[in-house]
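A, B, ... follow the sequence lines: proteins, then strands. Residue 1 opens every chain.
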Amino acid sequence: MYAQLVKSEGSKSREEMTPEELSFQDRIDRGEKVEPKEWMPEGYRKTLIRQIGQHAHSEIVGQLPEGNWITRAPTLERKAILLAKVQDEAGHGLYLYSAAETLGVSRDELMEKLHSGNMKYSSIFNYPTLTWADMGAVGWLVDGAAIMNQVPLQRTSYGPYSRAMIRICKEESFHQRQGYDIMMKMCAGTPEQKAMAQDALNRFWYPALMMFGPSDKDSIHSAQSMAWKIKMNTNDELRQKFVDQTVPQAKYLGLTVPDENLVWNEEKGGHDFSEPDWSEFFAVIAGNGPCNAERLGARVKAWDDGAWFREGLMAHADKAAARRIAAE
Amino acid sequence: MAGSVEANAVGAVDRAVCVEWLQRVGDNALILGHRVSEWCGHAPALEEDIALANQALDLIGQCQLWLGLAAEVEGKGRTADQIAYLRDAGAFRNLLLVERPNGDFGQTLIRQFLFDAFHIALLRALTESSDPRVAGIAAKAVKEVAYHLERSADLVVRLGDGTAESHDRMQKALDLLFPYTGEMFTDDATDRAMAEAGIAPLPSRLKPEWDRTVADVLEEATLTQPGQVWQHGVKGQGGKTGVHSEYLGFILAEMQFLQRAYPGATW
Ligand SMILES: [Fe+2]
Ligand SMILES: [Fe+2]
């Protein structure tokens, strides 16, 4: 997902919990929201910082693959829609960094961890966007997969995170519809356009499935995060839902999902489908995806090149404050 | 659009002249919007990413309206998209200033400020245009551009009067781009015809307001106005008449790629 492989801190049985931890867990079980000033276990705080931070990083790195096509958008309207979308993603980053800040970590600290490689962002943004159809596929599949995860997270236990998710989800579903609209236009277009659309689906299908992360049935981290309601569903549940939702949409477009094993399973009421190549996923997470160097490089360059700008603004603020004091 | 061409002031001037002028206004928005959008995801702070995308969005929106009106006045069945995507560089009418490369963020800001100060003066005058369609577009755009100017002026002041490095970068950017401002205020036959019909102001009339805005902001920014320097494109050979810098060809190669590679496709 936008937060993949988030390591969860501590997992205790009720017998091992302190009275404070017990009453905290009870509140969560009752569906109450935790607010910034309230007591929370250190592990809960740390895990949330990791998850929200990774989510925020994904939003801002996620500007890049689509930003790649803004100057080449085929019509003025498409250009405007894409610009607005990429701007939304930057806004999502901002909400999420703000949510993380309520847990006592600054945006700059999180950015530094991203730039030094100590924090990750979603694997999906390390794939290239090669044609205009990729703008469709990204909106349809990537924003679509993000929604799968984020809709349940609107009910997450941490108040500021939950509220950020509610705002974000509204915009994400818009993004998904716009992406699908691009795909519809391409599929109803010339044979070349349709081929472009099929090629985009072929390239993004498995990376999109990877967004949910590997199966977490045996993961203690996932179990703890679910107990804290930081994670609301297992990776497999969400992946299944995504496949079941997406397959009919592909059919409607007249496109073929690139999976020979894809078949409706009446018994389970869902599709059977092939797992993505998890060795590829781990390679991408480790920094060996097709665009890791470019994506992180672009963010580091933006940050480094902008140092004089940020310092200039701070220096001016200091001067202005000094002038105000002198005038008093 | 309601009303015949004759019902509007545009009827008082040769259509071709009017289309020519509308392309000047529309192309400025299109090309500057393109340049600004190149920053998407690469700005020095997240707030800037958002603000620049917003600005690019405003400019692309304005370009759609101006080029849409150009297409309508022309009356040959072209669309704003066809005007934007299917002309070669020599048919573009934007100022040389807006096609300058982004450079560092200082150059982007100075370019924006110098243009915004001109743009606002132009749009304010256009809200009083004798052509209601022109006045209508201007009334919408003037609000957006007032905000662009507020932002660019504010950043020029803060960075000019920031650190030694930020001051130095802003001064260098100003020295680099100031020679492209003269073109904004030259009057030619097209401008005179439009002014006579009461549709648009003479560009030279906008100069005093621009001078004041620029002088005030530069003073507060502790930056030095370059003064009387060589000005590009003022002798009738500039962007306004289709004589561009080498940069425009590359902008168009990128912008028009899909329309050129897949003629007639719908997107
Ligand atoms: Fe987003
Ligand atoms: Fe999105």
To the nearest 0.5 Å, atom NE2 of B:His42 lies from atom NZ of A:Lys301 at 9.0 Å

Determine whether A:Asp305 and B:Phe105 satisfy the following criterion, side chain to side chain contact (heavy atoms under 4.5 Å, CB included), listing intermediate values before the conclusion. CA-CA 9 Å; A:Asp305 288 355; B:Phe105 205 66; over 6 Å; no

Bottom line for B:Gln256: the part with an atom under 4.5 Å from chain A's heavy atoms is neither

Heavy-atom pair with the smallest gap, counting every atom of B:Tyr85 and A:Ala73: OH-O, 2.9 Å

Walk me through it: do B:Thr163 and A:Trp308 pass the test side chain to side chain contact (heavy atoms under 4.5 Å, CB included)? CA-CA 8 Å; B:Thr163 60; A:Trp308 72 270; 5.8 Å; no

List the atom of B:Asp161, the atom of A:Lys319, and the distance in Å for their closest heavy-atom pair. OD1-NZ, 2.9 Å

Shortest non-hydrogen pair, B:Asp49 vs A:Ala90, comes out as CB-CB, 4.4 Å

Shorter than 4.5 Å, heavy atoms on both sides: which option in B:Ser37, B:Ala253, B:Cys40, B:Gly162 has the most such pairs with chain A? B:Gly162

Measuring heavy-atom distances to chain A, does B:Leu109 have an atom under 4.5 Å in its side chain, in its backbone, in both, or in neither? side chain

Flag if over 12 foreign heavy atoms under 6.0 Å of CD, B:Gln82: yes

Nearest 0.5 angstrom please: A:Glu77 CD to B:Trp267 CH2, how far? 15.0 Å

In terms of heavy-atom pairs under 4.5 Å with chain B, the winner among A:Leu94, A:Ile70, A:Asp88 is A:Leu94

Comparing A:Ala315, A:Pro74, A:Gly91, A:Ala298 against chain B, the one with the most heavy-atom pairs below 4.5 Å turns out to be A:Pro74

List the steps, then state whether side chain to side chain contact (heavy atoms under 4.5 Å, CB included) holds for A:Phe309 with B:Asp104. CA-CA 10 Å; A:Phe309 169 86; B:Asp104 69 4; over 6 Å; no

Looking at every non-hydrogen atom in both residues, tell me the closest pair between A:Leu64 and B:Gly41 and how far apart they are. CD2-O, 3.7 Å

Do A:Gln87 side-chain atoms and B:Ile50 backbone N/O form a donor-acceptor pair below 3.5 Å? yes

Do the charged groups of B:Arg169 and A:Glu311 touch, with an N to O distance under 4.0 Å? no

Sort A:Met196 into side chain, backbone, both or neither according to what part of it lies under 4.5 angstrom from a heavy atom of chain B. side chain

What closest approach, in Å, do B:Ala43 and A:Ala302 show between heavy atoms, and which atom pair accounts for it? O-CB, 3.8 Å

Salt bridge check: are B:Asp81 and A:Lys79 linked by an N-O gap of less than 4.0 Å? no

One should read off an interatomic distance between A:Leu76 CG and B:Ile60 CD1, to the nearest 0.5 angstrom, of 6.5 Å

For the atom pair CD (B:Glu47) and CG (A:Leu313), what is the distance rounded to the nearest 0.5 Å? 10.0 Å

Quick one: sort the B:Phe257 and A:Trp69 rings into parallel, tilted or perpendicular, breaks at 30° and 60°. tilted

Engaged part of B:Glu254 at the chain A interface, taking heavy atoms whose separation is under 4.5 Å: both

So does A:Arg167 have more than 12 non-hydrogen atoms from other groups sitting under 6.0 Å from CZ? no

OG1/A:Thr71 to CE/B:Met255 distance, rounded to the nearest 0.5 angstrom? 10.0 Å

Counting only heavy atoms closer than 4.5 Å, note whether A:Arg72 contacts chain B via side chain, backbone, both or neither. both

If you measure from CG on A:Leu83 to CG on B:Leu52, what distance do you get to the nearest 0.5 Å? 10.5 Å

Using a cut-off of under 4.5 Å on heavy-atom pairs, state which of B:Ala45, B:Gly61, B:Ala53 scores highest against chain A. B:Ala53

Note: vs chain B, highest number of non-hydrogen pairs under 4.5 angstrom among A:Arg78, A:Arg310, A:Arg299, A:Arg107 is A:Arg107

Any side-chain to backbone donor/acceptor pair from B:Tyr262 onto A:Gln193? Under 3.5 Å, distance only. no

Check whether B:Arg158 reaches the backbone of A:Ala317 with its side chain - one donor and one acceptor, N or O, closer than 3.5 Å. no

